[in-house]
Peer 1: 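Please see the structure below; I have some questions.
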Amino acid sequence: QSGCGCRGDAGLAHIGCRAEAAVYKSKSRSGDVLGWQVCVTCDQGFTGQMGMGLAEAWCGAVQDLDEEDVERQAAGAGLAAALTQMGRYAESEAKCRELRAVQR
(Lines give C-alpha, C1' and ligand atoms only; values in the text may rest on other atoms or scores of the structure.)
Protein backbone atom coordinates (compact mmCIF):
# COMPACT_ATOMS: atom_id res chain seq x y z
CA GLN A 1 0.00 0.00 0.00
CA SER A 2 1.06 3.58 -0.50
CA GLY A 3 -1.22 6.03 1.26
CA CYS A 4 1.08 8.97 0.50
CA GLY A 5 2.10 11.08 -2.49
CA CYS A 6 4.82 8.75 -3.77
CA ARG A 7 4.36 7.50 -7.32
CA GLY A 8 5.14 4.10 -8.73
CA ASP A 9 6.94 1.60 -6.51
CA ALA A 10 8.51 4.30 -4.33
CA GLY A 11 5.59 4.45 -1.89
CA LEU A 12 4.64 0.79 -1.77
CA ALA A 13 5.11 -0.85 1.62
CA HIS A 14 3.30 -3.05 4.08
CA ILE A 15 1.71 -1.26 7.02
CA GLY A 16 3.80 -3.40 9.37
CA CYS A 17 7.01 -2.42 7.59
CA ARG A 18 6.15 1.28 7.82
CA ALA A 19 5.30 0.81 11.50
CA GLU A 20 8.72 -0.77 12.13
CA ALA A 21 10.36 2.16 10.37
CA ALA A 22 8.36 4.61 12.51
CA VAL A 23 9.44 2.85 15.72
CA TYR A 24 13.07 2.97 14.59
CA LYS A 25 12.81 6.64 13.63
CA SER A 26 11.25 7.62 16.95
CA LYS A 27 13.96 5.78 18.90
CA SER A 28 16.85 7.09 16.82
CA ARG A 29 15.67 10.69 16.74
CA SER A 30 14.71 11.27 20.37
CA GLY A 31 10.98 10.79 20.15
CA ASP A 32 10.40 11.99 16.58
CA VAL A 33 6.87 10.74 15.94
CA LEU A 34 6.42 12.04 12.40
CA GLY A 35 7.26 8.63 10.94
CA TRP A 36 3.83 7.49 12.11
CA GLN A 37 2.07 10.21 10.15
CA VAL A 38 4.29 11.49 7.32
CA CYS A 39 6.14 9.69 4.51
CA VAL A 40 9.90 10.24 4.76
CA THR A 41 10.22 10.13 0.96
CA CYS A 42 7.51 12.54 -0.26
CA ASP A 43 6.87 14.38 3.04
CA GLN A 44 3.10 13.98 2.73
CA GLY A 45 0.76 12.66 5.39
CA PHE A 46 -0.49 9.10 5.14
CA THR A 47 -4.11 8.65 4.10
CA GLY A 48 -6.63 5.84 3.68
CA GLN A 49 -5.84 2.35 4.88
CA MET A 50 -2.15 3.18 5.37
CA GLY A 51 -2.98 6.13 7.62
CA MET A 52 -5.51 4.06 9.56
CA GLY A 53 -3.18 1.08 9.91
CA LEU A 54 -0.30 3.22 11.13
CA ALA A 55 -2.53 5.07 13.59
CA GLU A 56 -3.70 1.75 15.04
CA ALA A 57 -0.14 0.43 15.16
CA TRP A 58 1.08 3.60 16.89
CA CYS A 59 -1.63 3.29 19.55
CA GLY A 60 -0.61 -0.32 20.07
CA ALA A 61 3.06 0.63 20.38
CA VAL A 62 2.37 3.16 23.16
CA GLN A 63 -0.43 1.39 25.02
CA ASP A 64 1.83 0.57 27.98
CA LEU A 65 2.77 4.23 28.53
CA ASP A 66 0.90 6.28 31.12
CA GLU A 67 -2.36 7.57 29.67
CA GLU A 68 -1.16 11.15 30.26
CA ASP A 69 2.08 10.58 28.32
CA VAL A 70 2.52 13.06 25.48
CA GLU A 71 3.27 10.40 22.86
CA ARG A 72 0.30 8.28 23.92
CA GLN A 73 -1.93 11.34 23.67
CA ALA A 74 -0.48 12.16 20.22
CA ALA A 75 -1.10 8.58 19.06
CA GLY A 76 -4.70 8.79 20.24
CA ALA A 77 -5.19 12.09 18.44
CA GLY A 78 -3.70 10.54 15.30
CA LEU A 79 -6.13 7.64 15.56
CA ALA A 80 -9.06 10.02 16.00
CA ALA A 81 -7.97 11.93 12.87
CA ALA A 82 -7.59 8.70 10.87
CA LEU A 83 -11.02 7.53 11.98
CA THR A 84 -12.52 10.84 10.86
CA GLN A 85 -10.75 10.58 7.51
CA MET A 86 -12.22 7.10 7.04
CA GLY A 87 -15.72 8.38 7.79
CA ARG A 88 -15.92 6.58 11.14
CA TYR A 89 -17.20 9.63 12.97
CA ALA A 90 -18.75 7.98 16.03
CA GLU A 91 -15.52 6.13 16.81
CA SER A 92 -13.52 9.30 16.28
CA GLU A 93 -15.78 11.24 18.63
CA ALA A 94 -15.46 8.54 21.29
CA LYS A 95 -11.67 8.64 21.00
CA CYS A 96 -11.65 12.44 21.26
CA ARG A 97 -13.83 12.29 24.37
CA GLU A 98 -11.51 9.68 25.89
CA LEU A 99 -8.48 11.89 25.24
CA ARG A 100 -10.24 14.96 26.59
CA ALA A 101 -11.18 13.15 29.82
CA VAL A 102 -7.51 12.36 30.47
CA GLN A 103 -6.47 15.97 29.82
CA ARG A 104 -8.80 17.33 32.50
Side-chain angles (χ1 to χ4, degrees):
Q1 292 186 17
S2 178
C4 63
C6 289
R7 301 290 179 246
D9 293 342
L12 298 179
H14 299 104
I15 292 170
C17 294
R18 292 234 191 219
E20 283 183 39
V23 167
Y24 175 78
K25 184 177 180 183
S26 73
K27 287 181 180 178
S28 67
R29 294 196 180 173
S30 303
D32 180 357
V33 298
L34 283 180
W36 292 105
Q37 299 173 310
V38 177
C39 176
V40 296
T41 304
C42 69
D43 205 31
Q44 290 190 15
F46 293 112
T47 60
Q49 291 297 329
M50 181 62 74
M52 187 69 214
L54 286 172
E56 291 172 331
W58 189 14
C59 284
V62 298
Q63 69 183 356
D64 292 335
L65 298 177
D66 186 77
E67 64 182 7
E68 295 176 359
D69 182 87
V70 174
E71 185 176 359
R72 184 168 171 177
Q73 287 286 307
L79 179 58
L83 287 164
T84 297
Q85 187 179 65
M86 298 295 288
R88 294 165 59 181
Y89 303 115
E91 293 170 84
S92 177
E93 179 185 7
K95 189 61 171 173
C96 288
R97 289 182 186 277
E98 176 187 316
L99 294 169
R100 185 73 177 136
V102 171
Q103 294 170 356
R104 291 186 177 165

Peer 1: Taking all heavy atoms of Lys95 and all of Leu79, pick out the closest pair and write down the distance.
Peer 2: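 Lys95 and Leu79 have their closest heavy atoms at CE-CD2, 4.1 Å.
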Peer 1: Rounded to the nearest 0.5 Å, what separation is found between the CG atom of Asp69 and the CG atom of Asp64?
Peer 2: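 Nearest 0.5 Å value for the CG-CG distance: 11.5 Å.
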Peer 1: Only one of Glu93, Glu91, Glu56 clears side chain to side chain contact (heavy atoms under 4.5 Å, CB included) with Leu83; which?
Peer 2: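 Only one option passes, and that is Glu91.
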Peer 1: Using the rule that Ile, Leu, Val, Met, Phe, Trp and Tyr join whenever any side-chain heavy atoms are under 4.5 Å apart, tell me whether Ile15 and Val23 fall into a single cluster.
Peer 2: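 In one cluster with Ile15: Val23, yes.
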Peer 1: Would a 4.5 Å heavy-atom cut-off, applied to side chains only, mark Arg18 and Cys39 as touching?
Peer 2: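 In contact.
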Peer 1: Examine distances only and state if a side-chain atom of Ser92 and a backbone atom of Ala80 form a donor-acceptor pair shorter than 3.5 Å.
Peer 2: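 Judged by distance alone, yes, a pair lies under 3.5 Å.
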Peer 1: Looking at every non-hydrogen atom in both residues, tell me the closest pair between Cys42 and Gly5 and how far apart they are.
Peer 2: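 Minimum heavy-atom contact is SG-N, 3.3 Å.
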Peer 1: Give a yes or no on whether Met50 and Val33 share a hydrophobic cluster (residues Ile, Leu, Val, Met, Phe, Trp, Tyr; joining criterion: side-chain heavy atoms under 4.5 Å apart).
Peer 2: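 Result: yes, single cluster for both.
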Peer 1: Is there a path of hydrophobic side-chain contacts, each under 4.5 Å between heavy atoms of I/L/V/M/F/W/Y residues, joining Val62 to Trp36?
Peer 2: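 Linked, Trp36 and Val62 end up in one cluster.
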Peer 1: Honestly curious: do Met86 and Leu54 fall in one hydrophobic cluster under the side-chain, below-4.5 Å linking rule?
Peer 2: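 Met86 and Leu54: separate clusters.
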Peer 1: Looking only at heavy atoms, what is the nearest atom pair of Gln37 and Gly78, with distance?
Peer 2: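 In this case the closest contact between Gln37 and Gly78 is NE2-CA, 4.0 Å.
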Peer 1: Would you find more than 12 non-hydrogen atoms of other residues, nucleotides or ligands less than 6.0 Å from Asp66 atom CG?
Peer 2: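 Yes, the 6.0 Å shell around CG holds more than 12 heavy atoms from other groups.
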Peer 1: Under the side-chain hydrogen bond (donor to acceptor under 3.5 Å, both in side chains) test against Gln73, which residue among Gln103, Glu68, Glu67 passes?
Peer 2: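 Of the listed residues Gln103, Glu68, Glu67, the side-chain hydrogen bond (donor to acceptor under 3.5 Å, both in side chains) partner of Gln73 is Gln103.
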Peer 1: Please report the closest heavy-atom contact between Ala57 and Ala19, naming both atoms and the distance.
Peer 2: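 Residues Ala57 and Ala19, closest heavy atoms: CB-CB, 4.0 Å.
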Peer 1: Hey, quick one: are Leu65 and Trp58 part of the same hydrophobic cluster, counting side-chain heavy atoms closer than 4.5 Å, chains of contacts allowed?
Peer 2: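 Both belong to a single hydrophobic cluster.
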Peer 1: Under 4.5 Å between any side-chain heavy atoms of Thr84 and Tyr89, yes or no?
Peer 2: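 A side-chain contact exists here, since the closest heavy-atom pair is under 4.5 Å.
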